[in-house]
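One structure below.
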Amino acid sequence: MTEPSRVPRPTLQERWTEAQSRWVEAQARWDERKPAQFRSAVEVLPGVFQVRTRGSKAYLLVEDDITLIDAGSVGSGTRVLKALQEIGRSPADIKHIVITHYHLDHVGGLPEIQTHVPAKTAVHLAEAPHVESGQQLPNPFTHPLLAKICEPYLRRNDPGAARVDVILDDGDELPALGGMRIVHAPGHTAGSISLYFPNRGMLLVGDAMQYKFGRLMLPSRLFTQDMDEATASIQKLAALDFETLCFSHYRPILEGADQRVREFARSLQDK
């Protein structure tokens, strides 16, 4: 009686290769089915995607060409590229990058992103010297003790110089989403800008104000150069008409946002 032939056991390399293949398949299924809170890019409005970067949120304005608003902290480039992959687009589709202000959590990822995309970068004229300079970005903390304590961290994470191709000023317009108007909104920094899309009823304020616990607030005193200017900028933004308000650190207000900003601006006048 002949013994049944034995099936050879897979080698360690074969088992490892199979395990890797199963992992790739599982990751692909997760990428297709994962809920919005786990995605790199979340669609706020049609064609407007909020991207979770390191330290803040960037935005992809998606048309035939793509405009990127802000770049997150150092190391955020991979997150922006992942967001592009999720929405089925490529780095070559980004044609413009707009920076709302020079703080590390908005401009830190810019040099890295510029190595991957062919976009032209636009910065307000008061911010451009900081972005282009090879010197360390100015310390954003207004409290002297905090500034001193955080200086080593800021020095280690400084992104270095980035390219600036377009200098922006108040009232300038770019073509994104049928027209993007630059609104100079100083206070948080001298050259902070908000981005107004009158044809889409949307305002993207950067860090011009906060939105916590369902309430609009002034920008953080810890990082704001001039609170009086910041208050005046909110009065300026309150004169615009928009339905949706987007922030760099908070969830958006999707309906009736301009009325809420006007009420907030009036409350500041009463103080």
Side-chain angles (χ1 to χ4, degrees), residues 44-45 48-61 67-73 76 80 96-110 113 121-128 130-131 137-138 140 142 162 164 166-174 176-177 180-198 200 202-212 216-227 229-240 242 244-253 257-258 260-261 264-265:
V44 176
L45 293 173
V48 179
F49 290 85
Q50 190 183 72
V51 180
R52 294 180 177 88
T53 58
R54 292 181 181 270
S56 68
K57 295 179 175 66
Y59 287 84
L60 294 171
L61 311 180
T67 299
L68 172 65
I69 309 300
D70 283 339
S73 296
S76 292
V80 172
H96 298 93
I97 301 172
V98 178
I99 300 298
T100 61
H101 60 288
Y102 70 83
H103 281 172
L104 179 64
D105 56 338
H106 293 256
V107 77
L110 182 58
I113 291 170
T121 299
V123 182
H124 187 268
L125 59 91
E127 310 283 284
H130 299 307
V131 176
L137 292 171
T142 57
V164 176
V166 180
I167 299 296
L168 299 173
D169 201 357
D170 188 51
D172 288 348
E173 294 201 11
L174 296 175
L177 300 182
M180 176 174 65
R181 186 184 308 165
I182 307 303
V183 183
H184 185 208
H188 188 61
T189 66
S192 287
I193 58 174
S194 293
L195 307 172
Y196 180 43
F197 304 85
R200 296 293 296 273
M202 183 176 77
L203 179 66
L204 198 160
V205 294
D207 284 355
M209 62 184 90
Q210 301 182 88
Y211 183 49
K212 293 181 177 180
L216 292 169
M217 302 179 183
L218 287 165
S220 172
R221 290 185 178 275
L222 291 177
F223 308 102
T224 299
Q225 292 178 354
D226 190 318
M227 293 302 294
E229 275 199 334
T231 301
S233 290
I234 290 171
Q235 304 292 345
K236 180 179 181 179
L237 296 172
L240 304 174
F242 51 92
T244 301
L245 183 61
C246 294
F247 307 87
S248 293
H249 295 276
Y250 310 99
R251 61 185 177 87
I253 300 174
D258 55 0
R260 296 188 64 175
V261 173
F264 176 47

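Predicted model only: the values in this text are computed from it and were never measured. Starting from 1, each residue takes its place in the sequence as its number.
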- After noting the C-alpha distance and the side-chain angles of Met180 and Ile69, does the key distance pass the side-chain contact (heavy atoms from CB on, under 4.5 Å) rule? CA-CA 11 Å; Met180 176 174 65; Ile69 309 300; 4.2 Å; yes
Once rounded to the nearest 0.5 Å, what's the spacing between atom [atom1] of [X] and atom [atom2] of [Y]?
X: Ser192; Y: Glu229; atom1: OG; atom2: CD; answer: 9.5 Å
X: Arg251; Y: Gln50; atom1: CZ; atom2: CD; answer: 11.0 Å
X: Leu240; Y: Asp258; atom1: CG; atom2: CG; answer: 9.0 Å
X: Arg181; Y: Ser194; atom1: CZ; atom2: OG; answer: 12.5 Å
X: Phe242; Y: Arg200; atom1: CZ; atom2: CZ; answer: 15.5 Å
X: Asp105; Y: Phe223; atom1: CG; atom2: CZ; answer: 8.0 Å

- Message: Is there a side-chain contact between Arg260 and Ile253 in this structure, where contact means two heavy atoms from C-beta onward sitting under 4.5 Å apart?
- Response: yes
Judged by atom type as modelled, is there a donor-acceptor pair below 3.5 Å linking the side chain of [X] to the main-chain atoms of [Y]?
X: Asp170; Y: His184; answer: yes
X: Glu127; Y: Tyr102; answer: yes
X: Thr142; Y: Leu222; answer: yes

- Taking every non-hydrogen atom, the tightest pair across Val183 and Lys236: CG1-CE, 3.8 Å
- Note on the structure: For Pro186 and Ser233, the nearest pair of non-hydrogen atoms, with its separation, is O-OG, 2.6 Å
Among [options], which residue satisfies the side chain to side chain contact (heavy atoms under 4.5 Å, CB included) criterion with [X]?
X: Phe247; options: Leu203, Leu216, Asp207; answer: Leu216
X: Val98; options: Leu68, Val123, Leu204, Leu168; answer: Leu168
X: Val80; options: Ile113, Ile97, Asp70; answer: Ile113

- Item | Trace of the side-chain contact (heavy atoms from CB on, under 4.5 Å) decision for Leu237 with Met209 | CA-CA 10 Å; Leu237 296 172; Met209 62 184 90; 4.0 Å; yes
- Task: Given side-chain contact (heavy atoms from CB on, under 4.5 Å), test His130 with Val107 step by step and report yes or no.
- Result: CA-CA 10 Å; His130 299 307; Val107 77; over 6 Å; no
- Note on the structure: Of His249, His124, His103, His106, the one forming a ring-ring contact (aromatic ring centres under 6.0 Å, His included) with His188 is His103
- Query: Does a donor on one side chain sit under 3.5 Å from an acceptor on the other, for Ser73 and Ser76?
  - Reply: no
- Message: Using side-chain contact (heavy atoms from CB on, under 4.5 Å), reason through Leu61 and Phe197 one step at a time and then give a plain yes or no.
- Response: CA-CA 11 Å; Leu61 311 180; Phe197 304 85; 3.6 Å; yes
